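Presented below is the structure to which this report refers.
Predicted, not measured: the structure shown is a model, and the values here were computed from it.
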Amino acid sequence: VNVSTKGFRISVLGATAAAALVWAGSWQRAAAAPEKREASSRAQADVLVSGWHAAASKADEAAYFGAMTEHAVFLGTDKTERWDKKAFQTYAHPHFAKGKGWSFAPRERHWAFSGDGRTAWWDELLDSEHLGVCRGSGVAVREGAAWKIAHYDLAMTVPNDLANDLVAWTRALEKDGTKPPRSPAP
């Protein structure tokens with residue numbers, strides 16, 4: 001009796017340990033699944049945003065605006081530049097029609113994803129020949145199997161040492177139209 005009890009006990013403990021190992025393995029696979037899904041989503045969303053910037057540089061209007069949701073919003077660098085997709089297309093069309101786009105080359109990009117994996121946020125540093133170093137941030141959403149840009153905010157970066165002068169110049173311009181002194185080109 002003692003042996004069978006011990007044997008039974010050993011088999012119960014063995015079964016419990018085996019179940020625990022199976023559960024732990026399942027949990028690890030389940031925990032890894034969102035990481036793999038996020039990595040895949042990140043790669044897909046990154047292709048979207050990089051392709052969107054490339055389309056702008058090639059003045060490819062169809063690809064550029066095709067990457068955006070129907071109700072997308074674009075915030076430009078000027079305080080007056082808050083465009084819904086239709087208004088932004090109206091602004092951009094004459095430029096694209098002449099083959100003139102704009103180029104922003106990403107230096108770095110950082111992503112975050114919602115728990116359900118259907119919404120992504122990113123921020124990026126960009127190089128622009130015209131505007132220098134800029135920062136962009138955006139929101140992308142899944143529409144079916146595809147990612148689309150729902151919101152983008154483009155901002156020029158300002159070194160902190162220049163911020164006070166820039167604010168003073170901006171206030172003077174808004175107040176009475178006074179423009180700041182121009183620096184000679186380097």
Side-chain angles (χ1 to χ4, degrees), residues 38 41-114 118-142 147-186:
E38 185 175 310
S41 291
R42 177 177 286 128
Q44 292 169 7
D46 212 46
V47 166
L48 166 75
V49 176
S50 293
W52 186 62
H53 286 309
S57 70
K58 296 174 191 167
D60 185 342
E61 187 172 357
Y64 187 79
F65 288 102
M68 299 169 78
T69 66
E70 182 182 344
H71 301 288
V73 171
F74 183 95
L75 302 174
T77 57
D78 189 89
K79 70 179 182 180
T80 64
E81 296 175 338
R82 186 192 189 280
W83 292 307
D84 62 24
K85 182 178 177 179
K86 185 176 179 181
F88 192 35
Q89 281 179 290
T90 299
Y91 163 79
H93 176 74
H95 302 285
F96 283 161
K98 293 176 191 169
K100 297 183 187 245
W102 46 86
S103 294
F104 291 94
R107 279 189 187 187
E108 62 183 63
R109 188 175 292 145
H110 306 275
W111 289 97
F113 289 84
S114 63
R118 301 199 54 79
T119 305
W121 299 263
W122 80 95
D123 64 84
E124 58 188 357
L125 277 180
L126 306 158
D127 287 317
S128 165
E129 190 173 313
H130 176 67
L131 297 174
V133 178
C134 293
R135 182 176 305 281
S137 60
V139 177
V141 295
R142 269 207 186 273
W147 284 100
K148 297 275 188 164
I149 296 167
H151 185 95
Y152 193 76
D153 186 355
L154 177 64
M156 296 187 324
T157 59
V158 177
N160 290 335
D161 291 345
L162 300 178
N164 289 339
D165 290 338
L166 183 62
V167 169
W169 294 336
T170 302
R171 286 181 178 154
L173 181 62
E174 290 175 345
K175 181 179 177 185
D176 61 17
T178 303
K179 293 190 178 185
R182 291 212 177 253
S183 299

So, does T157 use its side chain to make a donor-acceptor pair with the main chain of V133 at under 3.5 Å?
yes

Main-chain N/O of A155 paired with R135 side-chain donor or acceptor, under 3.5 Å:
no

With sequence neighbours excluded, give me every side-chain hydrogen bond (donor to acceptor under 3.5 Å, both in side chains) pair touching residues 48-59.
S50-R109, H53-E124

Is any side-chain heavy atom of [Y] closer than 4.5 Å to one of [X]?
| X | Y | result |
| --- | --- | --- |
| D46 | W122 | no |
| T69 | H151 | no |
| R142 | S41 | yes |

Under the side chain to side chain donor-acceptor pair (under 3.5 Å) rule, collect the residues that match up with [X], sequence neighbours excluded.
| X | result |
| --- | --- |
| K79 | E174 |
| H130 | none |
| H95 | none |
| R42 | E38 |

Write out all pairs satisfying salt bridge (charged side-chain N to carboxylate O under 4.0 Å, His left out) with one or both partners inside residues 60-71, taking only residues at least two apart or from two chains.
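Of all non-adjacent pairs touching residues 60-71, none passes salt bridge (charged side-chain N to carboxylate O under 4.0 Å, His left out).
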
Table please: side-chain donor-acceptor pairs of residues 158-167 below 3.5 Å, with sequence neighbours left out.
none

Residues two or more places apart in sequence or in another chain: which of them pass side chain to side chain contact (heavy atoms under 4.5 Å, CB included) with [X]?
| X | answer |
| --- | --- |
| T119 | S114, W121, V139, V141 |
| H71 | none |
| A59 | F96 |
| K85 | F65, M68, A72, Q89 |

F74: which of W102, Y64, F88 passes ring pair (Phe, Tyr, Trp, His ring centres under 6.0 Å):
F88

Shortest non-hydrogen separation from [X] to [Y] and the atoms involved:
| X | Y | value |
| --- | --- | --- |
| Y152 | G136 | OH-CA, 3.3 Å |
| A87 | W83 | CB-CD1, 3.9 Å |
| F104 | C134 | CE2-SG, 3.9 Å |
| A120 | F113 | CB-CE2, 3.5 Å |

Non-neighbouring partners of D127 that pass salt bridge (charged side-chain N to carboxylate O under 4.0 Å, His left out), sequence neighbours left out
R107

